[in-house]
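One structure is given below, encoded as structure tokens.
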Amino acid sequence: MEDVAAGDEFVLWVGGSNAGVVAHGHFPGAAEYGQPDTRYWSEDPGPRHFVPLVVDEWLDLRVPKARLATDPRMAAASILRQPFAGNPHRLTDKQWQAIHQAIKAQEAGDPDWNLEPGDEIRRVDLHGQYGGSSQNGIATSGTTDNILIFTPASSGHQHGDYDTWNEGGTFHYTGEGETGDQKMIRGNKAILEHRETGKRLRLSDGARGTVRYLGEWTLDPDQPFSEDEAPATGGASFAR
């Protein structure tokens, strides 16, 4: 901590299965010794060394560890090689540059995505370009950072799907599972965790043949899903 100076920048890293960068900011002052703000502690920690920090931006989509790991500039980064070895992890100038560029790329959008809202494309060609299964309503790509979602405009109700547009431009999407209570697994889990995994939600109108791309969406962070009854296919309870 003694190396931290006012004006230095930092990135905030979250570990676990969906590890990655979630925020960036700066230090308004150097490290201090004294009584930290007890609002952030379940019990009074007593006097200790601490450093003040300001988060300048929480990222809408996390920059995943897997993406940074493919950058050769990050090959020796301790946060990738030994994430529990110390905190904070110091970065070289090249490593810092790699992370900054990854953040900017995440915010700028996917340069490899070439569809605009309203464009029509055969579903088989969509999967050919961006991956994912052509058999599911929620197709998580293993080759790109996209989750392809399909709302079947005409046939959905026979499968228990009740996708609806709402005031304010929001869209309620019925998850996977035609019988019984839906579970937060597979495609449903992928949508729920898309911010943590850095995946982009791509919604298309139609399920077979030619589909119409409706744009990139994000999950409502305050109410990511709700439960309701769908009378078709056994009266299942659907998470939306």
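Side chains included, hydrogens not; waters and symmetry mates left out as well; all remaining heavy atoms used.
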Can you find a heavy atom in the side chain of [X] that is under 4.5 Å from one in the side chain of [Y]?
X	Y	value
Met74	Ile99	yes
Pro224	Leu219	yes
Asn114	Gln129	yes

Test side chain to side chain contact (heavy atoms under 4.5 Å, CB included) on Arg122 and Leu126 and set out the steps.
CA-CA 6 Å; Arg122 292 196 309 157; Leu126 182 63; over 6 Å; no
Return the minimal non-hydrogen interatomic distance between [X] and [Y], and the atom names on each side.
X	Y	answer
Tyr213	Ser204	CA-OG, 3.8 Å
Arg123	Gln135	NH2-N, 4.0 Å
Pro36	Gly46	CD-O, 3.5 Å
His89	Ser78	ND1-OG, 2.7 Å
Pro47	Gln35	N-OE1, 3.7 Å
Gly29	Val4	O-CG1, 4.3 Å

Keeping the roles fixed (side chain from [X], backbone from [Y]), state whether a donor-acceptor pair exists under 3.5 Å.
X	Y	value
His194	Arg200	no
Asn136	Ser133	no
Asp119	Glu116	yes
Tyr173	Phe150	yes
Thr144	Ser141	no
Thr92	Gln95	yes

Hydrophobic cluster membership, Val51 vs Val55, 4.5 Å side-chain cutoff:
yes
In the single-linkage hydrophobic clustering (I, L, V, M, F, W, Y; side-chain heavy atoms under 4.5 Å), do Phe27 and Ile103 co-cluster?
no
With rounding to the nearest 0.5 angstrom, report the [atom1] to [atom2] distance, [X] to [Y].
X	Y	atom1	atom2	answer
Leu201	Trp217	CG	CH2	10.5 Å
Thr174	Ile138	OG1	CD1	9.5 Å
Thr197	Arg67	OG1	CZ	9.5 Å
Ile147	Ile149	CD1	CD1	6.5 Å
Phe50	Arg48	CZ	CZ	10.5 Å
Leu203	Thr151	CG	OG1	6.5 Å

Would you sort out whether Glu120 and Val211 count as a side chain to side chain contact (heavy atoms under 4.5 Å, CB included), showing the intermediate values?
CA-CA 6 Å; Glu120 294 187 347; Val211 301; over 6 Å; no
Validation row, ring centre Trp113 to ring centre Tyr130 under 6.0 Å:
yes
Are the aromatic rings of His100 and Phe10 close, with centres under 6.0 Å apart?
no
Any residue meeting side-chain contact (heavy atoms from CB on, under 4.5 Å) with Glu196, in chain and number order, not counting sequence neighbours:
Asn18, Arg62, Glu193
Result of checking Leu59, Leu12, Val11 against Val22 for side-chain contact (heavy atoms from CB on, under 4.5 Å)
Leu12
Classify the side-chain pair Arg202/Asn146 by whether it contains a donor and acceptor separated by less than 3.5 Å.
yes
Does the side chain to side chain contact (heavy atoms under 4.5 Å, CB included) test come out yes or no for Lys189 and Ile191, once each step is laid out?
CA-CA 5 Å; Lys189 186 173 185 287; Ile191 291 178; over 6 Å; no
What verdict does the side chain to side chain donor-acceptor pair (under 3.5 Å) test give for Asp56 and His26, after you've listed the backbone C-alpha separation in whole Å, the side-chain angles of each residue and the deciding distance to 0.1 Å?
CA-CA 7 Å; Asp56 294 323; His26 68 279; 3.0 Å; yes
Yes or no on side chain to side chain contact (heavy atoms under 4.5 Å, CB included) for Leu61 and Lys199, after CA distance, side-chain angles and deciding distance?
CA-CA 7 Å; Leu61 293 176; Lys199 295 279 190 179; over 6 Å; no
